[in-house]
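In what follows, chains carry the letters A, B, and so on, assigned in the order in which the sequence lines appear, proteins first and then strands, with residues in each chain numbered from 1.
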Amino acid sequence: MAHDCVIVGAGPAGMAAALTLADHGVRPLVLDRAARPGGQIYRAASASPLPDRSVLGADYAAGAELITAYTASGADHRAEADVWHVGADGKILFSTDGGTCQAEAREILLCPGALERPMPIPGWTLPGVMTAGAAQVMLKSDAVVAEGAVFAGSGPLLYLIVAQYLRLGVKVAALVDTTPRDNYLRAAPLLAGALRVPSMLTKGLSLLHEIRQAGIPVFRWASDLQVLGQDRARGLRFVTPKGAQEIAADTVFLHHGVTPNPNMTRALGVQHDWNPDQLCWHVRRDPFGQSTLAHVSVAGDGGAIVGAEGAQCEGRLAALNMLCRLGRIDRATRDHLARADLTRLKRLAGVRRFIDRLYRPQAALRVPQCPDTLVCRCEERSLGDLRAGFDAGARDPNALKSLTRCGMGPCQGRQCGPIVSQLLADWRDEPVSEVGYYRLRSPQRLLSLQELSRFNRVHPAPEEAQ
Amino acid sequence: MNADVLIIGGGIQGCATAYHLARAGASVILLEKDYIARHASGVNAGGVRLLGRDMAEVPLSRAAIQMWQELDDTLQGDTGFRPTGLINIAVDQADLDKLHARQNLMQAAGYTHEHIIDRDELLARLPHVNPACVGGVRSDLDGHAIPYKATNAFRLAAERHGARVLDSCELHALRRVGTRWLADSTAGRIEAATMVNCAGAWADRIALMIGDNVPLSHAAPMLMITARMPQFAGPVVGAVSRQFSFKQFENGTVLIGGGAKGFADRANNATRLDYAKLAEAARTTVEFFPIMARAAINRMWAGLEAYMPDNLPVIGPAVNAERAFHAFGFSAHGFQMGPVVGQVMADLVLTGRTDFDLTPFRIDRYDRKVL
């Protein structure tokens, strides 16, 4: 028997959607990979291993409240339920307890969240090089930090983790900021739009102020980054207007923005559009998050980068639309209840445009510049290997994958996909939108033959089944 | 654009045909609506199998297996071919009886490339096989290749000999005007003296354009591949009577096939997978090779393949048009025959004859009188 609604992912978008559904008497099945709800941003917010959670900031604490409300909402939450297939036929397959489960849904809400944009500088695959997001995961889940690390890149998440480290008294070797000078000029005209949500700007400015006050070395306008070291990271070399610099460090955290995690929506086959402002693919959706498959909606950063607050707005809007489609509320009610969130999203979009322009990553950091820099970490394919494949006639991402194995590894192209599309666009001298992306398939994670062979179905409780 | 020969379809049959024709000096244009090896030729299991062929196919397949042994040198390319041998496993006496019956048939026809093996030899060659299996049959010239690479190697070799291969170029219309074929395509008008239909799952539509009807169907055989595992199986492995087949590549990944079908959506150029059937394939695999229980599946996919009702291809001249030839409908076992089919098609186009008996592959073999 089918569920009215299945939500994939219990981050801010998924939790907010579940709360709205519960308000109208629909009990969703929520499948979440993690041990506890919260997503990446509120990871472990309800059970932090840190003695003082406040070092992570007020936003993180607010996440704990959302988790509490969500937990009380009565949603059928399945922890460690790792979804590896969502089909256009409404069937969802996930791994749990060493087997495979199949659920069926009238309405599906996907909240797959964001990925960090790869930063394929020389040495980016050396042990000791991680992303700022990884630093956050270690901190939130296990209260683990790296002493004396160098942080390089640009964007709010990078500054946030540096500030969190400093609050905890962890030594930071340096912040190497790659935001180009030019970005400030180009973002300036968008400032007025951002000022419609002053709190967001204040938050950002106070982070930067905090870092400056701490007195750690901050290098601005950095370019030509290269991780030093043979067998593992030993430091970072880069160039600033003052000349070449080298910082010794055993850990290098890289970050220059996030993009929607495309694997689930791509494998499902809904339409995507290239967004030249965020330099990533967006899921094509209506204002309620409904994708080109009517019974599948997408909310939060997995559709387009909107941030945690925007994700909650989108989650609620998607829930209202699904309630309408399920016949629980009429269209007028939906539109009435949606007004506040639609307005808020419009305001947040103004801030987003400003942030996107200000922290637009350097082109030279988005694709490798040296022939021996790896593009595909899983299959160890370098820029030179890909160029050879292109010269042998593979002009399409899928043809290149077939020829070189780039993107065939367990990450399913999460790392190399955006790089490959950009490289082919450069080589073909066409826009990325013309080049397209890997044709992806399920499973979205590795699963063992044994897991697959133990095939079960999950049904809603009898009183809910229609 | 003008050419001696217009080939429709950039799979291995089309690319091999282009290669053999161009090498013989013909001017060739090949139209491919997606990109080379997009469907069956690029996403198949890569098996290069002579073992267990239909008797009608054995002569072609034997010639092809010889060509595969030297194909990298011939094409000056990399097909990824590895002559690992192939073993089909017998699980019981009924399977063995089947093998012996075939052995008699093969010997009567003078073929000696299939060798029945007993349980001891099976366990020696495949130490991780379920010990309940009773024997099998092997062929030592068989092996596997990388489908996309092999097809692309033919394409590149054809281009070196002057063939023009047009990607993302669809055939909209085709008609005979006087002594020429006139094609409307994405790339504009093309004129050619001869046309060759190698359009795979779309070949019935091309055949229809020139007046040949054919009962072609299509399906989507599914495959899955694991992450790297320690080496445990050298030869390609199949089963005499079960839907089961796999091969382990040099990099340790294991490709699991067996013939379970997904959903073929030809109108949308796409396939969907049937996960319940893949679960069944997973069970069978673990049953035959318990070591595979913990193997991690990395990717699953399916490709669109063309099938004839008797699972034999169409190879030969058109019946309702002059200077037109077909090679399609290989029914999920055409990859291995690609090299020789290219040769046969080139011979037909250039000389009108071939050394092989193509009677079983006639396009009109299903034509019958109205009752």
- Task: Please say whether more than 12 non-hydrogen atoms of neighbouring residues, nucleotides or ligands are located less than 6.0 Å from CG in A:Asp426.
- Result: yes
- One should read off an interatomic distance between A:Asn398 CG and B:Arg38 CZ, to the nearest 0.5 angstrom, of 7.0 Å
- Note on the structure: Closest heavy-atom pair, A:Ser448 versus B:Ala293, reported as atoms and distance to 0.1 Å, is CB-O, 3.7 Å
- Nearest-0.5 Å distance, NE2 of residue A:His85 to CE of residue B:Met300: 9.5 Å
- Does the pair B:Arg228/A:Glu379 count as a salt bridge with the N-to-O cut at 4.0 Å? yes
- Item | Heavy-atom contact with chain B under 4.5 Å, split by part of A:Arg445 | backbone
- Message: If we define contacts as heavy-atom pairs under 4.5 Å, which of B:Val165, B:Asp167, B:Val286, B:Asn152 has the most with chain A?
- Response: B:Asn152
- Query: Is the number of heavy atoms from other residues, nucleotides or ligands under 6.0 Å of A:Asn456 CG greater than 12?
  - Reply: yes
- Task: Give, as side chain, backbone, both or neither, the part of B:Ile256 having an atom under 4.5 angstrom from any heavy atom of chain A.
- Result: side chain
- Message: So which residue, A:Thr100, A:Asp89, A:Asp396, A:Leu440, ends up with the most heavy-atom pairs under 4.5 Å with chain B?
- Response: A:Asp396
- B:Ile297 versus chain A, the contacting section by heavy-atom distance below 4.5 Å: both
- What part of B:Thr284 gets closer than 4.5 Å to chain A, counting heavy atoms only: side chain, backbone, both or neither? neither
- More than 12 non-hydrogen atoms from neighbouring residues, nucleotides or ligands closer than 6.0 Å to CZ on A:Arg387, yes or no? yes
- Item | Residue pair B:Asn251 / A:Arg405, side-chain heavy-atom distance below 4.5 Å | yes
- Item | Portion of A:Gln444 that has a non-hydrogen atom of chain B nearer than 4.5 angstrom | neither
- Against chain B, work out which of A:Arg454, A:Glu451, A:Arg439 has the most heavy-atom pairs shorter than 4.5 Å and name it. A:Arg439
- Counting heavy atoms not belonging to A:Arg414, are there more than 12 under 6.0 Å from its CZ? yes
- Query: Is there a side-chain contact (heavy atoms from CB on, under 4.5 Å) between A:Met408 and B:Asn298 once you walk through the steps?
  - Reply: CA-CA 8 Å; A:Met408 282 196 183; B:Asn298 185 8; 5.7 Å; no
- Could you look at B:Asp78 and say if it's the side chain, the backbone, both or neither that has a heavy atom under 4.5 Å from chain A? neither
- One should read off an interatomic distance between A:Ser442 OG and B:Trp301 CH2, to the nearest 0.5 angstrom, of 14.0 Å
- Quick one: pull up CG in A:Leu452 and OG1 in B:Thr285 and give me the separation to the nearest 0.5 Å. 9.5 Å
- Query: With a 3.5 Å cut-off and no angle check, do the side chains of B:Thr271 and A:Arg441 form a donor-acceptor pair?
  - Reply: yes
- Got a second to check how far A:Thr404's OG1 is from B:Tyr148's OH, nearest 0.5 Å? 9.5 Å
- Task: Mind checking the CG-CG spacing from A:Leu449 to B:Leu278? Nearest 0.5 Å is all I need.
- Result: 10.5 Å
- Query: Quick one: does A:Leu446's side chain get under 4.5 Å of B:Arg299's, heavy atoms only?
  - Reply: no
- Message: Quick check on A:Leu93 against chain B: is it the side chain, the backbone, both or neither that has a heavy atom closer than 4.5 Å?
- Response: side chain
- Message: Taking side chain as everything from C-beta outward and backbone as N, CA, C, O, which of these in A:Ala394 sits under 4.5 Å from a heavy atom of chain B? Side chain, backbone, both or neither.
- Response: both
- Identify which part of B:Tyr275 has an atom lying under 4.5 Å from any heavy atom of chain A, answering side chain, backbone, both or neither. both
